[in-house]
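Contents: one structure, followed by commentary.
As the structure is a computational prediction, the values presented were derived from the model and not from experiment.
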Amino acid sequence: MKRRAAILGATPAMVRWTVLRDCPMRDLDAVPQVGAAARQLGALVEWSRARSENRIHNGICWHENCDVPHPQTDANAEWMGFPESEVFATFGGRAAVETECAACPVNSLAGSGEIAGCHGVIPFSGFQCGLDGNAAPTTLRLGTGRTLLVADLAAWFETAVQSDDVAGFERTFLQTKPRWFGMWSDVRWSLAQREWAAGFFRRKKELLPQGPLGQFAVAVQQAHTGDWQIELQLLPPGFSDGQTWTLQSHCGRCGQTRKDGRNCPTCGEHRAPMPALRKKVLGLRPWLRLADVMGRAAALAGVEAYRKWRADFENGLAHSGE
């Protein structure tokens, strides 16, 4: 089956993160952990989102593109979904997964009732993030149906730190201009870094921008409480053409986008920038084209039944379809 891209077009700079805690659903020997966590737990995240948004019916997790008729008519629609039973096949069953995640002290999504909140991504815009003409979008739209806000977090952090413990931050993290990039220059935070970040996010709780940074703030405080490490990866802006994801040239020390010169203007590192990186495009796992799996006639019948059930549910006429 042809691989489909999760992201098309310009991509913003982003930080990927994960809390490192032993878990029967994860392989902590995989490198890097930020990528491994997304691969190993991605299907659980999508199932959890479908459940919270009431998109599970007759044993199938239905994609958002099944909710309303396709603009060009359903005859040409590529409805997506996946059997929920397949999600739990490698994890010992749904009950085992829910029990594990419900009791997990690093599930930063526990408050919303979702699972697998031990990892995430923080897209951001700001200082030099539009280099090479690929301006960062204001939202990051994933083919999974998820939309992430892309905020100028570098500017927010600069203001927030200046009204907080600047000296403590500069003693603990790499000094950069803006300071935001110094947060992500180490692959894993030291105890002192976790302690400073946990205190900072606790003090700024009411001022945190909505979206992924808030989830990360919860995770940092959980990791500090339990003395678990956090793995980080800053990725520069890029572009996905559906086959290849190309990330712009950047500083090998702080991760800031740069094209040339021997000195990085952000952190002062004296070496040539890292060349552009080319990665395999991010896939849509576990989402499948339902017509390929079930046949178009059966997929259409399933979609129509799902839509009717959704309409009935919203009108109070149906029970949960799980």
Side-chain angles (χ1 to χ4, degrees), residues 12-21 32-34 37 104-112 114 117-129 136 140 148-236 250-251 253-257 264 266-269:
M14 60 186 81
V15 175
R16 297 200 296 178
W17 61 269
T18 186
V19 180
L20 304 182
R21 176 181 178 271
Q33 270 296 303
V34 286
C104 180
V106 297
N107 179 14
S108 59
L109 297 174
S112 65
E114 296 189 28
C118 54
H119 69 105
V121 59
I122 309 168
F124 66 93
S125 61
F127 189 72
Q128 291 189 7
C129 288
L140 178 60
L148 300 177
L149 177 67
V150 181
D152 188 352
L153 297 180
W156 174 84
F157 187 75
E158 191 72 14
T159 300
V161 169
Q162 287 178 3
S163 64
D164 203 87
D165 181 14
V166 175
F169 175 82
E170 293 185 343
R171 285 195 304 269
T172 310
F173 292 89
L174 177 70
Q175 294 188 39
T176 60
K177 297 180 180 180
R179 293 182 176 90
W180 170 260
F181 291 90
M183 285 275 286
W184 320 111
S185 59
D186 295 307
V187 174
R188 295 185 181 180
W189 279 347
S190 66
L191 176 60
Q193 289 172 325
R194 293 199 305 273
E195 183 175 15
W196 186 92
F200 171 78
F201 285 128
R202 184 174 59 253
R203 293 189 296 272
K204 302 300 176 182
K205 180 179 179 180
E206 302 303 323
L207 301 176
L208 282 170
Q210 294 183 351
L213 187 60
Q215 179 192 348
F216 178 70
V218 172
V220 168
Q221 293 171 76
Q222 291 171 330
H224 177 60
T225 299
D227 194 24
W228 291 291
Q229 288 187 319
I230 300 174
E231 185 168 296
L232 307 157
Q233 182 182 40
L234 191 153
L235 298 174
H250 56 282
C251 175
R253 180 70 179 97
C254 69
Q256 172 64 294
T257 304
C264 173
T266 300
C267 69
E269 179 76 1

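- Two residues are said to be in side-chain contact when any heavy atoms from C-beta on lie closer than 4.5 Å; L207 and K205 fail this criterion.
- The six-membered or imidazole ring of W180 lies away from that of F169, with a centre-to-centre distance of 6.0 Å or more.
- Residues T266 and C251 have side chains not in contact (no heavy-atom distance under 4.5 Å, counting atoms from C-beta outward).
- Side-chain atoms of L20 and T18, non-hydrogen and from C-beta on, do get closer than 4.5 Å to each other.
- Under the 4.0 Å criterion applied to side-chain N and carboxylate O atoms, R194 and D227 are assigned as salt-bridge partners.
- Contact check for V218 versus F201: no side-chain heavy atoms found under the 4.5 Å cut-off.
- Taking 4.5 Å as the limit, some side-chain heavy atom of P12 sits within range of a side-chain heavy atom of L140.
- Closest approach of R21 to C104, counting heavy atoms only: NH1-SG, 3.7 Å.
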Between R16 and E231, is the salt bridge (Lys or Arg N to Asp or Glu O under 4.0 Å) condition met? List the steps. CA-CA 8 Å; R16 297 200 296 178; E231 185 168 296; over 6 Å; no
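- Nearest heavy atoms, P212 versus L149: CD-O, 4.4 Å.
- Between R203 and D164, some side-chain heavy-atom pair lies under the 4.5 Å cut-off.
- Taking both residues in full, the closest heavy atoms of G168 and D165 are given as N-OD1, 2.8 Å, listed atom of the first, atom of the second, then distance.
- Nearest approach of T176 to C267, heavy atoms of both residues: CG2-CB, 3.7 Å.
- In this structure, the separation between CD on Q222 and CD1 on I230 is 9.5 Å, given to the nearest 0.5 Å.
- Considering every non-hydrogen atom in both L234 and C254, the closest pair reads CD1-O, 4.0 Å.
- Taking each heavy atom of I122 and L153 in turn, the nearest pair found is CG2-CD1, 3.4 Å.
- At a threshold of 4.5 Å between non-hydrogen side-chain atoms, the residues F216 and V19 do not count as touching.
- F200 and F157 have their aromatic ring centers within a separation under 6.0 angstrom.
- Using a 4.5 Å heavy-atom threshold, the side chains of R253 and S185 count as touching.
- Under the 6.0 Å cut-off for aromatic ring centres, F173 and W189 qualify, their centroids lying closer than that.
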